[in-house]
Structures are given as C-alpha cells and as structure tokens.
Number of protein chains: 2
Amino acid sequence: MRYSKIPSETIRRLPGYLRALIFLDEKSREYVSSKVFSEYVHVKSPQIRKDFSYFGAFGTKGVGYKVTTLIEQIRGILKLKEVQKAALIGAGKLGTAISLYDGFKTYGFEIAAIFDISNDKIGTRIGEIVVEDPWKIATLCERNIRVAILAVPAESAQETADKLVGAGINGILNLSPCYLAVPKRVKVITIDIAMELGVLPYYS
Amino acid sequence: MRYSKIPSETIRRLPGYLRALIFLDEKSREYVSSKVFSEYVHVKSPQIRKDFSYFGAFGTKGVGYKVTTLIEQIRGILKLKEVQKAALIGAGKLGTAISLYDGFKTYGFEIAAIFDISNDKIGTRIGEIVVEDPWKIATLCERNIRVAILAVPAESAQETADKLVGAGINGILNLSPCYLAVPKRVKVITIDIAMELGVLPYYS
DNA sequence: TCGTGTGAAGCACTTCACAGCT
DNA sequence: AGCTGTGAAGTGCTTCACACGA
C-alpha cells in the first residue's frame, strides 16, 4: 500500500483533517480515535481509518492515532513541511482581506509578494509587504515562489494567469468567476463565492 | 426520469454550467452542443449530456441545446428563478469585499442586510446598505431572508451560526476556518481559502 | 452527417464486518 | 474492552457506444 494510489477524494479531505488536528494539538490532545475525530471533521469513522491506512499503519489499536504523528504524515503528503511562499495578484478589497488573513500559516504558506496594476498602490505597503508592478511577476521563479493567489477582475484573469504560467508558477488559486486555460502541469483551483452560494437554495 | 434522483455531483456542477451559459447568452450564442460546452466548463461531453438528461430531454439532435432554455431549466432546479435575499454577517475586510462584489446577481442573489458587532460600523453604509446590530438577526425570517453569508472570526462563528439558525435561516455560506454544528435542515457550505490552497503543493 | 439520449459496462470511492493487537 | 487495519461487498458516478432524430 504505497503513496501513488491515494484516491483524490482522500487528498481533498486532508487539509480539513490537518486543520482539525492542529486544533486538537493546540488543546494538548495527544491521541484521537477515528470515532472522536469523526465529530471534528464530519467524515464517518470507517472512512477516516481507510484514509489513514493509505499512508501506512501507525495507529495504536485500542487507543487511536497520535495527533502529532498524523500532522507530520499529512504535512508530508501534501508537501507542506517547508514554508511555501505564495504570491498575491490583485490588491483590491478581496486581495487585501486575503493578505491580512493569518490562516495561511496553518498550512505553512506565507504571502511573500503582492502585485497590483494601480499606480496608487505600487510602492505602498500591505502589512509588511510592498506592492509591486505586475511586470515583476516574471521574477517569481527566481524568488522561489511557485504558488499564486489570483484576485483580479475576471476580465484580466486569463491574461494574468498566462503571465504566471510564463513565470514558472505551478499552482494557482483563482478567485475570479471564470475558468482559466493553462498547461496541464499547472494545477488551478477556482473559488467563486457567488457560485458556491448558488447551490444553497436547492437544499432548502 | 424525474427530479428527485439527480446525483449530487450533477447538482454541484450546475452553478458552473449556469455561469458559462449566461456568458454564452451575453455573447448572443443561441445553441451550444455538449462538445463545445465541454470547453467552457471543463467537463467531458458525455457527462454533460448525462447531466442534462436528468432533467428531461430538450436538446435538438444534430444541433445542440438552446442556451436560454438551459438557463431556465437550471435556474428552476436550483430554485434561483426569483431573486433570493441574502444577509451578510461581518463587515470586516472580507465582508466588505464580498458585499461590493456584483457576481451575486448572476445567480439571483441580492445582499439585503449587513450585520456587524462593531459600534463604529453600525449605522454606516456599505454600498446601499446600512449596517445593523447583530441582535436584529432575529428579524431575518420576517424580512424573508433565508440565506446568510458568514464572514466573522472563527471564534464567534458557531455562536453567530446559532443565532442564524434561531432566526429561521436555512442555508449558510461559512467563510470561517471551522466546521459549524447545525440542525440537519440547515445546509452549510464552508469555504476556507487557506485550506483550499493546501492541496496545491501536492499537485506540483 | 452531426449531435442527442440512454442502457449497459466500467470504475472509483465508500461502507461493512471482523480479525487482530494493546 | 476498545480501536485499528483491511479484504470484500456495496454504491453511485462516469464513460462508452450506438440507435435515433434533425
């Protein structure tokens, strides 16, 4: 039972598991059983055991799983062990809100660069970071930044994505309401808040 | 082949379909085939035909599907035909960014109320809307608001969710990095931007 | 000829149930 | 006694392939 065959659905659940585990760790909880953990992540216990079994057995029968070990395992699989630098493109309302949000630390991310086309913003600071001109996106690779958060208007999203791809980025979190065309080596995750809202009335 | 058995995966894809269809409609495109549509939504064409077949056949063989008919159908299924009023809780950076975002119109949502605990904000306007004191959340039901967007700090998310449930809300879009405990009748969708970012390095 | 609509086949994830360890 | 780890069974979504209509 080895790494390569972890189902993609399992991978999707891992960040949620990690968040809950860090929460438990902060509460100084040492062990957690699949049953108890189930309450925290809203996933059934056999599913949790199955998920954990994909990356090798290390639970203690009769006791549960060691929280810190789990955290290490999941960080390892998601490649979150070292701090990952991320770039933010777009320092509008949404971009600013995101850059000031400290939840990224949980997953080992650090916003290391911010870009915006507006001359008013270039050179100013948001938190600790100086806003740069978008032509400098090309320097991301040499600065060791491989992940970008795209918070620009839909009209310029594709164009900006192209720049990011050219700069050697390999992951984009797209917050614009549109699909992006990118080469296969680049992973895109799109979050459109309005769109997510769209399924709510169905379930009412 | 009737409504109740539409797979939940299909439902999840509908808002994305709707967004693309509205885009096509704005470009005055009258018909679209599953193959062409596939390019727009990044879903394979047999899947698209299958999805559409769940809500009854109405494509034209050799031609494709009529864009406006599809829009009507999907709006009908997702219960988005009438304008849905939504409340926004939390007028911080993120809340403000959301309230000024006009993408909600696409899905027939209208932010109709904003709440915040801060005395500095209560009574001020964000766009057209006056920020209200959170104790007024209880009036949401009588104001015909059934959906809420929760943009408050994680610490107060559960507490606020409880208030919303008490006010008769039946859908919550939770932007805080935590799970919410709610009765089964209430549908919660959680979006944690940092968490979504967490899977990107895995695919690099 | 082109594209829909759909039963049937295929596939992947989930759930079960229980042996085995502590 | 309690909980893990896992083959096997179950489930539901996706893909196929082709008849049929325009």
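Protein chains get the first letters and strands the later ones, always in sequence-line order, with residue 1 at the start of each.
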Trainee: Examine distances only and state if a side-chain atom of B:Glu110 and a backbone atom of B:Val83 form a donor-acceptor pair shorter than 3.5 Å.
Mentor: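 Not at all, since once roles are kept as given, no pair shorter than 3.5 Å links the two residues.
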Trainee: For the side chain of B:Ser34 and the backbone of B:Ile48, is there at least one donor-acceptor N/O pair under 3.5 Å apart?
Mentor: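 No: the side chain of B:Ser34 does not pair with the backbone of B:Ile48.
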Trainee: Could you list all N or O pairs between the protein and nucleotides 16-20 of chain C that sit under 3.5 Å apart?
Mentor:
from: C:dA17; atom 1: N6; to: A:Arg49; atom 2: NH2; distance (Å): 3.4

Trainee: What's the NZ-P distance between A:Lys35 and D:dG5, to the nearest Å?
Mentor: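 These atoms are roughly 17 Å apart.
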Trainee: Applying a 4.0 Å non-hydrogen cut-off, can you work out what A:Tyr65 is touching in the nucleic acid: base, sugar-phosphate, or nothing?
Mentor: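 Counting heavy atoms under 4.0 Å across all strands, the contact made by A:Tyr65 is with sugar-phosphate only.
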Trainee: Taking salt bridge (charged side-chain N to carboxylate O under 4.0 Å, His left out) as the definition, give me every residue that meets it alongside B:Glu132, ordered by chain and number, with sequence neighbours left out.
Mentor: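 Scan of B:Glu132 (salt bridge (charged side-chain N to carboxylate O under 4.0 Å, His left out), adjacent residues dropped) gives B:Arg143.
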Trainee: Provide, to the nearest angstrom, the distance between the CD atom belonging to A:Glu39 and the P atom belonging to D:dC3.
Mentor: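 My rounded result for the distance is 13 Å.
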Trainee: Would you say a side-chain N or O of B:Thr60 is under 4.0 Å from OP1 or OP2 of D:dA22?
Mentor: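 No, B:Thr60 has no side-chain N/O under 4.0 Å of OP1/OP2 on D:dA22.
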Trainee: Which residue pairs satisfy the salt bridge (charged side-chain N to carboxylate O under 4.0 Å, His left out) criterion with at least one member in residues 40-57 of chain B, sequence neighbours excluded?
Mentor: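 The answer is B:Arg13-B:Asp51.
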Trainee: I want to verify a distance call: between D:dT4, C:dT4, D:dG5, whose nearest atom is closest to the A:Ser53 side chain?
Mentor: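 Of the options given, the side chain of A:Ser53 lies nearest D:dG5.
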Trainee: What pairs with B:Arg125 under side chain to side chain contact (heavy atoms under 4.5 Å, CB included), at least two apart in sequence or on another chain?
Mentor: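 Only B:Val130 meet the side chain to side chain contact (heavy atoms under 4.5 Å, CB included) criterion with B:Arg125.
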Trainee: Between D:dT15 atom P and B:Asp51 atom CG, what is the distance in whole Å?
Mentor: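 Interatomic distance, CG of B:Asp51 to P of D:dT15: 10 Å.
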Trainee: Measure CZ/A:Phe55 against P/D:dT6 and give the value in whole Å, please.
Mentor: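 In whole Å, D:dT6 P lies 13 Å from A:Phe55 CZ.
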Trainee: For A:Lys5 and D:dT6, give me the distance from atom NZ to atom P, rounded to whole Å.
Mentor: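 Going from A:Lys5 (NZ) to D:dT6 (P), I get 11 Å.
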Trainee: Crowded around B:Lys79 NZ? As in, over 12 foreign heavy atoms under 6.0 Å?
Mentor: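 Yes, enclosed.
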Trainee: I'd like to know whether OH of B:Tyr203 has more than 12 heavy-atom contacts from other residues, nucleotides or ligands below 6.0 angstrom.
Mentor: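 Check passes, neighbour count above 12.
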Trainee: So does A:Ala91 get a backbone contact from the side chain of A:Thr96, meaning a donor-acceptor N/O pair under 3.5 Å?
Mentor: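 Yes, because the side chain of A:Thr96 sits within donor-acceptor range (under 3.5 Å) of the backbone of A:Ala91.
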Trainee: Report all interatomic pairs (protein N or O, nucleotide N or O of nucleotides 9-13 of chain C) with separations under 3.5 Å.
Mentor:
none

Trainee: Take the protein atom NZ of A:Lys66 and the nucleotide atom P of D:dT4, then report the distance between them rounded to whole Å.
Mentor: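 It is 16 Å, rounded to the nearest whole Å.
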Trainee: Check the distance between C:dG3's P and B:Glu30's CD and give it to me in whole angstrom.
Mentor: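 Value for this atom pair: 17 Å.
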Trainee: Whole-Å distance between C:dT22 P and A:Tyr31 OH?
Mentor: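 Rounded to the whole Å, the gap is 12 Å.
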Trainee: Base, sugar-phosphate or nothing for A:Phe58? Non-hydrogen atoms, less than 4.0 Å.
Mentor: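 Sugar-phosphate, no base atom in range.
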Trainee: Which residues pass the side chain to side chain contact (heavy atoms under 4.5 Å, CB included) test with A:Lys81, not counting sequence neighbours?
Mentor: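 If we apply the side chain to side chain contact (heavy atoms under 4.5 Å, CB included) test to A:Lys81, skipping adjacent residues, the hits are A:Glu72, A:Arg75.
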Trainee: Look at A:Ser34 and D:dT4 and indicate whether a side-chain polar atom (N or O) is within less than 4.0 Å of OP1 or OP2.
Mentor: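 The answer is yes; a side-chain N or O of A:Ser34 sits under 4.0 Å from OP1 or OP2.
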